[in-house]
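Notes to accompany the following structure.
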Amino acid sequence: MPLLGLLPRRAWAALLSRLLRPPCASCTGAVRCQSQDFDIAGQFDPMIPDAECLKIMCEILSGLQLGDFLIKMAWKDVRHEMVAKKGLAPEVADRIGDYVQCHGGVSLVEQMFQDPRLSQNKQALEGLEDLKLLFEYLNLFGIAEKISFDLSLARGLDYYTGVIYEAVLLQTPTQAGEEPLNVGSVAAGGRYDGLVGMFDPKGHKVPCVGLSIGVERIFYIVEQRMKTKGEKVRTTETQVFVATPQKNFLQERLKLITELWDAGIKAEMLYKNNPKLLTQLHYCESTGIPLVVIIGEQELKEGIIKIRSVASREEVAIKRENLVAEIQKRLFES
């Protein structure tokens with residue numbers, strides 16, 4: 001049964017392998033936040049960490065298998081210079097509308113380089129030069145086709161100081177009767193060189209660039225797709241539940257669950273001394289736990305354990321010493 005978040009292991013591997021891997025040996029001082037955010041802080045050569053952040057975003061979204069996506073990218077200073085109301089001649093304002101409607105790759109950057117009204121602006125020119133360098137790195141990373149330079153993009157936070165970007169899902173594949181999911185961006189980020197200094201009493205500048213993955217939106221997308229397919233959404237990875245119909249059987253349940261844990265089986269039980277059997281079975285059904293092992297006075301006396309399939313509600317009795325092997329067999333076949 002599919003899991004939510006609980007996303008497929010290979011999807012989380014793509015996410016965690018990037019978030020938790022150590023910085024490069026040459027990146028002494030790099031700070032990376034190990035949450036749904038990923039940040040690189042420190043003074044490095046232009047656009048190298050920015051390109052890596054975009055690479056990481058591509059790896060995560062590809063690993064999560066959400067469908068085709070596109071990362072829209074812009075440059076805050078260039079955009080500011082283009083749309084600022086003060087000092088713009090009417091013909092420059094006309095050119096702004098043209099560029100804001102454009103999007104593309106390095107060819108669009110080259111096109112803007114050739115525009116004398118932009119190339120004569122020092123700040124805009126510096127931004128364009130960095131964007132060209134960034135696209136060179138993105139091409140080497142093999143992700144340039146996933147990036148679109150889009151001047152209509154505007155991140156709402158004032159602390160961004162350079163490249164800004166956000167990832168959107170393209171039209172997701174839909175089955176018959178399935179509604180397209182419109183959830184907006186699923187990841188975003190950019191460069192914020194002045195933010196850390198705002199909180200430093202001495203005002204030390206620490207250049208930073210990072211990204212944030214929209215975990216809640218990703219969960220929503222996966223959940224809706226599973227519901228459309230009629231698949232039950234599981235919120236736990238538990239494989240086996242240890243239950244009893246008897247009172248005063250906590251010690252026996254603890255022995256059983258320890259045996260399962262030691263065998264690498266994901267098991268749990270209710271944290272109560274004398275839970276009702278019906279309550280335990282309802283819990284398994286509501287959370288999607290596939291198997292229940294049941295021990296009571298009769299089972300203990302006969303040296304057996306009952307295994308119950310939550311889906312079919314069928315029960316079989318096996319010898320106590322065969323419990324782990326039987327559970328592993330059933331999990332392998334499921």
Side-chain angles (χ1 to χ4, degrees), residues 14-15 17-19 21-62 69-82 103-110 112-113 123-168 185-197 205-214:
L15 176 61
S17 65
R18 298 302 304 193
L19 292 180
R21 71 184 177 92
C24 302
S26 59
C27 293
T28 304
V31 178
R32 299 169 186 244
C33 298
Q34 298 177 9
S35 62
Q36 71 262 36
D37 293 342
F38 180 101
D39 301 89
I40 301 175
Q43 189 70 50
F44 305 110
D45 288 340
M47 310 317 299
I48 300 175
D50 306 71
E52 183 180 0
C53 282
L54 288 165
K55 172 67 171 174
I56 290 168
M57 184 179 287
C58 283
E59 289 186 358
I60 292 172
L61 296 178
S62 296
F69 61 90
L70 183 70
I71 299 177
K72 298 180 180 180
M73 182 181 67
W75 189 270
K76 189 173 180 67
D77 286 342
V78 172
R79 191 178 190 281
H80 174 74
E81 290 299 319
M82 292 180 66
H103 53 84
V106 68
S107 59
L108 178 58
V109 178
E110 293 284 3
M112 296 175 69
F113 258 116
Q123 200 168 13
L125 184 60
E126 289 176 353
L128 289 172
E129 289 174 344
D130 278 344
L131 277 176
K132 184 179 179 181
L133 180 62
L134 177 59
F135 268 105
E136 291 180 12
Y137 296 150
L138 297 178
N139 188 57
L140 292 172
F141 279 147
I143 60 170
E145 73 282 355
K146 290 290 188 182
I147 313 297
S148 175
F149 183 41
D150 189 339
L151 288 172
S152 67
L153 175 64
R155 302 284 294 144
L157 301 175
D158 291 336
Y159 57 71
Y160 286 114
T161 58
V163 64
I164 55 176
Y165 39 82
E166 69 177 29
V168 295
S185 63
V186 292
R191 177 160 287 279
Y192 53 100
D193 289 344
L195 183 62
V196 175
K205 280 194 172 184
V206 181
C208 299
V209 64
L211 63 97
S212 179
I213 302 298

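Along the sequence shown, residues carry numbers from 1. Computed over heavy atoms, backbone and side chain alike; hydrogens, waters and symmetry mates excluded.
- Considering only residues two or more places apart in sequence or on other chains, Phe135 meets the side chain to side chain contact (heavy atoms under 4.5 Å, CB included) condition with Met73, Val106, Val109, Leu138, Ile147, Phe149.
- Leu133 is listed as a side-chain neighbour of Pro46, based on a closest heavy-atom distance under 4.5 Å.
- Contact annotation: the side chain of Phe69 approaches that of Ser62 to within less than 4.5 Å [non-hydrogen atoms, C-beta and beyond].
- Closest approach of Leu61 and Ala167 over heavy atoms only: CD1-CB, 3.5 Å.
- The CG atom of Leu70 lies 10.0 Å from the CD atom of Glu166; values are rounded to the nearest 0.5 Å.
- Within the 4.5 Å cutoff, side-chain heavy atoms of Ile56 are placed close to those of Glu52.
- Residues Val206 and Gly42 share a closest heavy-atom pair of CG1-N, 4.2 Å.
- Heavy atoms only, all atoms of each residue included: Pro207 and Gln43 are closest at CG-OE1, 3.3 Å.
- Shown are Pro49, Cys53, Cys208; of these, the side-chain contact (heavy atoms from CB on, under 4.5 Å) with Arg191 is made only by Pro49.
- Side chains of Tyr192 and Asp39: a donor-acceptor N/O pair is present below 3.5 angstrom, by distance only.
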(Q) Determine whether Leu134 and Leu54 satisfy the following criterion, side-chain contact (heavy atoms from CB on, under 4.5 Å), listing intermediate values before the conclusion. (A) CA-CA 10 Å; Leu134 177 59; Leu54 288 165; 4.2 Å; yes
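- Looking at heavy atoms from C-beta onward, Tyr165 lies in side-chain contact with Leu211 at the 4.5 angstrom threshold.
- With contacts defined as side-chain heavy-atom distances shorter than 4.5 Å, the pair Lys72/Ser185 does not qualify.
- Rounded to the nearest 0.5 Å, atoms CG (Leu131) and CD (Glu136) are 11.5 Å apart.
- The salt bridge (Lys or Arg N to Asp or Glu O under 4.0 Å) test applied to Glu110 returns Lys132, not counting sequence neighbours.
- Evaluated for a side-chain contact (heavy atoms from CB on, under 4.5 Å) with Phe141, the options Lys146, Glu59, Lys55 yield exactly one hit, Lys55.
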